[in-house]
Amino acid sequence: MPRAVTASLLALALYPHLLPAQGTRLWVQSRFEEFEKGQPESTAIASRGYLEAGPTLQSVFLTPSTYIWAVASDSQGNAYVATGSPATVLKVSPAGVSTKLFTTKDLTVQSIRVGPDGSVYAATVPSGKVYRIRPGQSALDESNATLVFDAATVAHNPAPAKTEQAHYIWDLAFDAQGALYIATGGPAAIYRVDTSAATPHPELFFESDEQHIRCLLFEPNGNLIAGSDGGGLVYRIGKDRKGLVIYDAPKREITALAQSADGRLYVAAVGEKTKSNLPPLPVQGISVTTATITIVTPGSVQASSSNGLIPDGTEVDELSPQGAPRKLWATRDDVVYALRATPQGLLAATGNRGRIYRVAEDGSFVDLAHAATGQATAFAEAPDGLYVATSNTGRLYKLAAQPAAHGAYQSDVLDSGIFSQFGRVEVNADGPFELLARSGNVENPERNWSEWKKVTPNSGSAGIPSARFVQWKVVLEPGARVASVGVNYLPVNIAPVVDEIAVEPGARATQTGQQPGQPQQITISLPSAQNALTYVQDASSSPLSAVKDRTAVTARWAAHDDNGDEMIFDLYVRGDGEKNWRLLRARVTERFYSFDSIRLPDGGYRMRVVASDAPAHPLGDALSGARESDRFIIDTTPPVLTGLEGRIQGGVLHASLVATDATSPIARAEYSFDAGRWQYLEPVGKLSDSLTEHYDFTVPIAALPLRPQADDEAVSAQAPVTDPGEHILTVRVYDRYDNVSAAKTVVR
């Protein structure tokens, strides 16, 4: 990529008259997936493909903790956040002033609620305890806060309670009478605590054979809705403490519940039912550091930067007041941690991208706001909006109830691939908005790009400075809706480049596989493939199929055009000692060419390939680039054999000859005696590397390889031998390009 930038800028500096490439191009962003690549600020991105002013997501307070697991609020608008690493309860005023209410040696404060009397109830993990912090109290530790629930104590009650201690407390909820309900896991149960009693006494309210009770929700009629982890079950538990499974979710863990004013129940579920997502519980005496890793690493959905549930996504289902379920919305890339029903739609807090969505009844949705953190984990009422708790890092936000006075959205960066001229900006929009654009020659817009320039959409040239990269920004007022933005651009034409050439004499390209009886098939590779270079990213860089044919020559080449223009190729050859290039073939569209070598006399040659983008431009506007091949040899003439003589004396054959080739060295020689097997013949000096080779050899007759006798061959009177001392010596010689000559002589 940097190479292309340098080439384009250098070309413009040297050739200011460079011509425009093939036609004007249009970069359009109109779909949800395209808008998601940009940077919204108080701007909502609708799944139906448009931008509109959205609510402001304002940071209220940055905690010293990594995680905020839960948030609750009181009637004065104060927020109470439950944190982990370190584990505390913080009170945060609407103005962002914080007070530490509670600290614990436990790993985390998992859940928090504000009771009817204004007391704050905090649940800790893994000890499985719930503490009460009365109004006006602050900076309490475990010894000073009131303990209202201890899983270790409850586990030994002589009641029908389970004998196994619960380590997880996932959720807290209050009924209309002010009683506290505690959802536990490992084992799964719900406990009830009468907080008005002088000495609160927990009692088992409901047991489940699931692994965990993950979330609680009270309906207006007093029934308790509970979601589980294990089988993904949703229970409705009446005042008689009998639970009815009202929904078996398609996923294993219910992470959040919400109910609309008209009685629709919303259920968020994650995880495959065949997998167990919960981590093993820490053993006694384990170090805090190790236990933190064990608990926080994704199991039952806890905010973590390594959350393994993301690939499974989340499904949000809706149960009508009559109980009929339907899938409302699903996301493949996010985990839903909290739901909130509002008159405008269902809000979903998600990770690991910190997105807050609003889902409509028809399943369409809006990406409402982006937190600058990993996970949005919880909602709570706030003055003129909602508190949003986040993790990685632990920050408290406020999501405004109404759209902001101005929303802004910065698009993704367009890489036009080469220095380009930018034209009219096409916008499909309604309502008041302002459009701006900027450009630059490096990918990062913060590195010396042009200033933002106001653009009049759908009207003439935008006046954006020519460059390689461009970006647009829209400022939206309430009621405005932008459905698409398109930037017209014209890349500067850059000449094509021939990257490399390979010429293979003695080969003919073929487009089909080898058939029986055909010559031996070979492949012709470019030098870059042979040397493991990768700068030629072209389909033509793969091996080319060919067959051996000494009468043919095949050339292949790789070329590219930075504009992506279609190319044609002209091929030229020039022999040793020649000055002019001779046209071999014009307007070749393939990236290889085979021709008969007989068209050229024997000798050394070079090939020149000229690439042109003429098919993409008007006559006279095309540009071209060329490259020459390495020297190659054409040799179609066999060697000349002279002076072949032979004689037999004393039972020994002695023979000699001279082989000469005008173009290429002699490669090898063979001889046959009386039509016997061919036997390798070594030249004088042993090395066969010259245009002329001398052969002089002596072989005992008894050691010569003779012609094998056929089974039906007569050996006697049917083939009379007139002269027993007469023999035939045949010699054949090959040059380097497999041209062959043969000669024979009679020896006695």
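Just so it is clear, the values below take in all heavy atoms, side chains as well, and ignore hydrogens, waters and symmetry mates. Count residues from 1 along the sequence. Just so we're clear, the structure is a prediction, and the values are computed from it rather than from any experiment.
Residue-environment remark: CD (Glu219) exceeds the threshold of 12 foreign heavy atoms within 6.0 Å. In the displayed structure, Arg241 atom CZ is contacted under 6.0 Å by more than 12 heavy atoms of other residues, nucleotides or ligands. Counting heavy atoms of neighbouring residues, nucleotides and ligands inside a 6.0 Å radius, atom CD of Glu34 exceeds 12 of them.
A heavy-atom distance below 4.5 Å is found between the side chains of Ser85 and Tyr67.
In this structure, Arg481 is positioned above the aromatic face of Tyr50, its NZ or CZ under 6.0 Å from the six-membered ring centre and within 45° of the axis.
A donor and an acceptor atom, one from each side chain of Thr83 and Ser65, are located under 3.5 Å apart. Checked by atom type, the side-chain pair Glu426/Asn458 shows no donor-acceptor distance below 3.5 Å. Looking at Asp333 and Thr331, their side chains never bring a donor and an acceptor atom within 3.5 Å of each other. A donor and an acceptor atom, one from each side chain of Arg395 and Ser59, are located under 3.5 Å apart. Checking Thr24 against Tyr489 by side-chain atom types alone, no donor-acceptor pair falls below 3.5 Å.
Between Asp334 and Arg355, none of the side-chain N atoms (NZ, or NE/NH1/NH2) sits under 4.0 Å from a carboxylate O, so this pair counts as no salt bridge. Using a 4.0 Å cut-off between charged nitrogen and carboxylate oxygen, Arg264 and Glu361 count as a salt-bridge pair. Taking a cutoff of 4.0 Å between a charged side-chain nitrogen and a carboxylate oxygen, Lys454 and Glu434 qualify as a salt bridge. We find that Arg438 and Glu451 are not joined by a salt bridge, their nearest charged nitrogen and carboxylate oxygen being 4.0 Å or further apart. Salt-bridge formation is not detected for the pair Arg468/Glu443: no Lys NZ or Arg NE/NH1/NH2 atom is positioned less than 4.0 Å from an Asp or Glu carboxylate oxygen. The pair Arg326-Asp317 does not count as a salt bridge, with every side-chain nitrogen at least 4.0 angstrom from each carboxylate oxygen. Classification of Glu210 and Arg252 as a salt-bridged pair fails, no side-chain N sitting under 4.0 Å from a carboxylate O. In summary, Asp175 and Lys239 do not engage in a salt bridge, as defined by a charged side-chain N under 4.0 Å from a carboxylate O.
For the pair Ser411 (side chain) and Gln471 (backbone), a donor-acceptor distance under 3.5 Å is absent. Without hydrogens or angle criteria, Ser47 side chain to Phe365 main chain gives a donor-acceptor distance under 3.5 Å. Listed for the Thr393 side chain is no donor-acceptor partner under 3.5 Å among the backbone atoms of Thr66. Without hydrogens or angle criteria, Thr342 side chain to Leu346 main chain gives no donor-acceptor distance under 3.5 Å.
Arg113 approaches Phe174 most closely through the heavy-atom pair CB-CE1, 3.7 Å. Here the closest heavy-atom approach between residue Val89 and residue Ala122 is recorded as CG2-CB, 3.7 Å. Residues Leu435 and Val474 share a closest heavy-atom pair of CD1-CB, 4.3 Å. Counting all heavy atoms, side chain and backbone alike, Trp69 lies closest to Gln110 at CB-O, 3.4 Å.
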message: With ring pair (Phe, Tyr, Trp, His ring centres under 6.0 Å) as the criterion, how do Tyr397 and Phe61 come out once you've worked through the C-alpha distance, each side chain's angles and the decisive distance to 0.1 Å?
response: CA-CA 7 Å; Tyr397 290 90; Phe61 180 70; over 10 Å; no
Tyr181 vs Tyr191, test: ring pair (Phe, Tyr, Trp, His ring centres under 6.0 Å). Steps then yes/no.
CA-CA 6 Å; Tyr181 292 76; Tyr191 293 90; over 10 Å; no
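Trp472 and Tyr409 have tilted rings, their planes meeting at an angle from 30° to 60° on a 0 to 90° scale. Ring geometry for Tyr357 against Trp329 counts as tilted: the plane angle lies between 30° and 60°, on a 0 to 90° scale.
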